[in-house]
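Here's the structure we're looking at; comments come further down.
The chains referred to below are lettered A, B, ... by the order of the sequence lines, with proteins before strands, and numbering in each begins at 1.
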Amino acid sequence: MRMIKRLERSPTLILAVITAGFIIFGYSTSILKITDFIIFCIYVLGYDLLYGHMGRLSFGHMLYLGAGAYGTALCAKYLSSNVFLAILCGILFGAAIGGILGPILIRTKGACFALLNLAFNQVGHFLVLVPLAKITGGEDGISLHFTGYRFLDFSNIHQLFFLSLISLILVAFLIIKFTHSPYGILLKGIKENETRVNFLGYNTYRYKLITFVLSTTIAAFAGALTTLNYNYANPSFIDPHRSVEVIFATLMGGAGSVLGAVIGGAAFMTISNYLPRYILRWEMFLGLALLIIAFKFRKGIWGYIREI
Amino acid sequence: MLLGKGRDGVILTVENLEVHYGRAKVLHNIAFKMDEGELVTIVGRNGSGKTTLLKTLGGFLKPSAGSILFRGQRIDGLGPENVALKGIRYVFQDKRVFGELTVKENIELAAYPIKENLEKAVQKVLSVYPRLEKFLHSKAKGLSGGERQILLIGRVLIGQPQLLLIDEPTEGLAAKIISEITAILLSMKGQFSMIVVEQNLATVARLADKIHIMKEGVMFKEITDPEMIRQPSQYENDL
Amino acid sequence: MLQTIFYGLTIGGILYIISIGLSLTFGAMGIVNFSHGLIYAIGAYTIYAVMAKMGINFILGAVIAVLVSIPFSYIIEKYVIRRLYGESIDYAIIATYAVLLIGVDAIKWIWGASPLPISDPVGISIQFLTMEMPLYRLIIIGLTLLILIGLSLFFKKTIIGKIIIAGLGDREAVRGLGIRLDKYFAIIFILGSALAALGGVLYSPISTLHPYMGFHILILCFAVVIVGGMGNLRGTAIAAFSLGLVMAITGRIWGPAAEAMVYVVMAFVLMIRPIET
């Protein structure tokens with residue numbers, strides 16, 4: 001359909017559709033809930049940069065979300081009451097962990113990359129739960145109370161909703177700009193045939209590392225917003241068992257496109273919020289759905305819409 | 001045993017063969033016929049599609065169009081196992097023996113699917129190249145390039161092969177061994193039908209009954225005149 | 001210290017038993033098999049069920065548990081693994097992880113989510129020099145050695161073993177000889193899974209059962225496979241015992257860090273010798 005083609009080509013239109021979609025979605029259901037959806041979509045966007053655009057499947061991306069969440073919470077609790085400083089702290093923490101682990105991780109690919117991420121996530125989860133329990137609160141996590149900043153009031157759900165939405169649009173815009181630049185074409189080259197890109201004289205290592213750190217930074221941003229939204233950080237924010245959620249969302253929406261990632265994020269959150277009420281065996285459902293995706297539905301929702 | 005020869009003594013008929021790697025078409029409309037007992041060589045530059053063609057004949061690649069008939073029966077799309085069991089034996093390039101296994105075990109693996117007696121199989125390989133005997137119980141990865149190549153060729157002679165597909169048998173070997181291998185191939189000539197992919201035109205000139213020159217995925221030229229085959233200078237510019 | 005080494009060997013032995021299948025599946029088929037963890041959990045929960053509920057003794061229970069795992073691995077091989085040949089490794093990871101998820105939930109459904117204990121089936125310790133060694137752990141080490149020897153004979157002496165060794169190195173060349181390699185890989189997949197079930201049986205008395213146990217052990221075993229080299233059988237054995245010792249020694253110094261240390265070692269190994277897979 002021509003309309004879909006036109007939508008895909010225009011970044012402004014994509015961002016407008018996302019904004020309008022979430023505002024309608026939010027005010028017709030529950031603002032509180034949809035804020036959560038939006039934050040999750042940011043996380044999916046960051047993940048898709050790594051998986052959809054560069055072809056690296058991480059099985060431990062919760063580590064970076066958790067880094068952002070705990071970075072924010074710890075900063076807010078021990079350092080400063082300034083909310084924006086706390087968020088910045090979370091983001092930088094996620095970027096730093098990406099920057100430290102990246103050089104090891106990025107040299108691997110495929111199964112090794114996936115599993116190493118999982119192993120590091122396991123270590124991170126363990127660190128939060130046991131050795132650092134004194135400052136992270138261990139099992140119980142950290143409870144916070146975010147007040148406001150000048151005219152902003154973070155206990156107001158509407159303001160929080162729009163802060164998250166603006167963040168999502170910002171991240172989406174950034175990713176569209178990135179992937180449509182020569183850098184994005186290189187990423188695609190790395191995904192399809194890394195050796196060839198290397199032969200062309202590009203230092204793929206650098207591009208891979210930048211992409212990886214960018215992805216962890218975006219995940220950490222989502223983590224920071226999660227802490228802000230929930231007013232706490234607990235070990236479920238860094239639980240490696242939950243790493244599959246973002247993979248599922250990315251695939252369901254359609255990997256490798258901003259709209260696919262957002263559709264996937266929203267669809268996953270809808271399913272996980274409403275379905276467990278009716279379906280008792282949630283993990284079983286998730287497993288079956290993943291099997292269907294892996295064998296029959298690889299292009300995802302957006303992939304199919306595009307082909308109509 | 002009389003081999004079940006096809007009509008007109010044709011062993012292989014290839015028609016309109018097309019092969020894709022992903023979206024890229026690498027073989028275009030390949031067609032040729034080959035007679036029983038013939039030794040056909042395929043020459044061409046790297047990337048011309050020689051090996052792709054040979055692999056397709058061996059069942060390792062599935063053609064996207066066209067057909068391959070072996071004695072009147074279609075074999076395209078059967079898969080390498082079934083093609084091999086029909087007596088079409090493949091010798092890979094790069095001397096791919098099973099390095100972790102001994103020479104004897106390499107032979108054992110070749111004899112196993114065709115239910116050939118192991119001792120008989122070993123004798124068959126040794127009849128081609130008696131010097132392998134002292135290596136029978138050492139790991140194949142310790143052999144020299146030439147010895148590995150001879151093991152591979154010997155291995156496909158076990159049982160009753162009908163058609164041999166041999167990919168670059170002399171690539172990267174020293175002159176002395178090349179002439180040994182050429183002599184082995186010459187001694188097999190007439191007993192089996194063979195398709196040999198070869199870059200070394202001096203070897204081609206000694207062996208071939210027919211030459212196919214490939215270029216960019218098509219059969220570019222066919223040479224059948226024995227006089228011309230013996231003089232590589234006449235066709236080396238066609239590569 | 002001697003006791004620590006002894007404990008390390010026990011853990012290493014169990015890791016080895018579980019990792020073989022994982023390593024073979026990876027080396028042979030290029031598939032990262034998360035469902036391996038499920039088979040391990042099935043082994044453990046089956047022994048629990050037959051011992052606690054039916055009062056069957058441990059040895060017979062172990063045999064039953066291994067047998068019970070076989071139809072499961074057969075189904076997984078036929079309907080999931082086989083359909084993943086030659087596919088992108090991402091889908092292999094996702095599909096087998098999905099199987100694990102389904103299995104974990106099924107376990108929760110049947111046995112509940114809370115941990116279940118199994119007591120030491122032997123319950124005797126023997127005195128050696130100054131230390132006390134549970135006989136059960138000695139049996140585990142003995143059994144591991146038997147399996148180690150048995151497997152190396154299997155791969156050296158039998159035609160199936162030789163086909164697998166050849167296939168690990170060069171799939172195409174084996175198929176080109178007329179050997180239906182996927183059939184042999186299926187056999188080896190089921191063998192590896194049966195060993196994982198046995199690992200679950202053996203490990204359950206020295207730990208506890210919980211639905212996520214398969215997920216948990218799997219990450220450890222992946223570390224073994226990565227350190228030992230995918231599809232490298234001797235490497236797997238060496239890595240399993242080394243990492244078992246790492247766990248035991250770290251655990252003695254500071255209990256909670258035992259597992260984390262394994263991943264640190266793995267990261268170091270990867271920094272020195274990156275694997276491009």
Side-chain angles (χ1 to χ4, degrees), chain B residues 22 51 54-55 57-62 78-116 118 121 137 139-141 148 151-152 155-162 164-167, chain C residues 20 23-30 78 82-91 148 151-188 228-238:
Chain B
T51 296
L54 207 64
K55 281 196 162 177
L57 297 179
F60 295 100
L61 296 171
K62 222 176 177 165
L78 280 187
E81 300 91 346
N82 294 318
V83 170
L85 291 175
K86 286 196 180 295
I88 304 176
R89 303 280 167 72
Y90 198 100
V91 178
F92 283 98
Q93 64 181 21
D94 302 328
K95 294 135 203 98
R96 281 155 69 175
V97 294
F98 303 123
E100 292 300 320
L101 301 180
T102 65
V103 170
K104 193 174 179 182
E105 287 168 334
N106 266 272
I107 299 170
E108 185 183 0
L109 243 58
Y112 173 72
I114 48 176
K115 302 186 175 67
E116 177 78 347
L118 178 57
H137 298 286
K139 280 194 178 177
K141 66 180 171 189
R148 274 187 278 162
L151 170 60
L152 286 180
R155 208 168 68 176
V156 295
L157 300 180
I158 298 167
Q160 267 148 359
Q162 311 291 310
L164 306 182
L165 308 172
I166 306 178
D167 198 358
Chain C
I20 302 158
S23 180
L24 281 173
T25 321
F26 195 89
M29 302 168 227
K78 189 162 182 199
R82 191 166 291 205
R83 294 176 64 184
L84 293 166
Y85 275 98
E87 296 276 356
S88 136
I89 194 149
D90 304 338
Y91 293 112
L148 199 79
L151 278 177
S152 70
L153 284 177
F154 172 77
F155 284 110
K156 272 218 177 76
K157 300 288 176 200
T158 68
I159 187 78
I160 300 176
K162 289 173 194 172
I163 288 172
I164 297 298
I165 294 289
L168 284 171
D170 192 338
R171 273 175 260 183
E172 240 183 2
V174 175
R175 297 180 65 200
L177 293 174
I179 296 171
R180 275 173 231 290
L181 195 54
D182 51 355
K183 195 178 82 187
Y184 292 94
F185 280 168
I187 295 172
I188 219 72
M230 318 227 180
N232 178 343
L233 289 164
R234 193 193 298 171
T236 303
I238 294 168

Report task. Answer with side chain, backbone, both or neither: which region of Leu109(B) has an atom nearer than 4.5 Å to a non-hydrogen atom of chain C? Result -> both
Query - For the student: nearest non-hydrogen atoms of Gly178(C) and Pro113(B), plus distance - result: O-CB, 3.5 Å
Query raised in the report: Closest heavy-atom contact between Gly176(C) and Ala84(B)?
Result: O-CB, 3.2 Å
Query raised in the report: Do the non-hydrogen side-chain atoms of Leu177(C) and Tyr112(B) ever get within less than 4.5 Å of each other?
Result: no
Report summary line: Minimal heavy-atom distance between Glu108(B) and Ile159(C), with the atoms involved, is OE2-CD1, 3.7 Å
**Report entry** Phe92(B) to Glu172(C) - nearest heavy-atom pair and separation
**Finding:** CE2-OE1, 3.4 Å
Requested in this report: State, without any angle test, whether Asn82(B) and Arg175(C) hold a side-chain donor-acceptor pair at a distance under 3.5 Å.
Outcome: no
Report summary line: Note: Lys162(C) and Leu101(B) closest approach over all heavy atoms is O-CD1, 3.8 Å
Query raised in the report: Any side-chain heavy atom of Arg180(C) sitting closer than 4.5 Å to one from Leu85(B)?
Result: yes
Query raised in the report: For Asn232(C), which residues count as a side chain to side chain contact (heavy atoms under 4.5 Å, CB included) partner, sequence neighbours excluded?
Result: Arg234(C)
Query raised in the report: At a heavy-atom separation under 4.5 Å, does Lys86(B) approach chain C through its side chain, its backbone, both, or neither?
Result: neither
Report summary line: Whatever's closer than 4.5 Å to a heavy atom in chain B on Ile165(C) counts as side chain
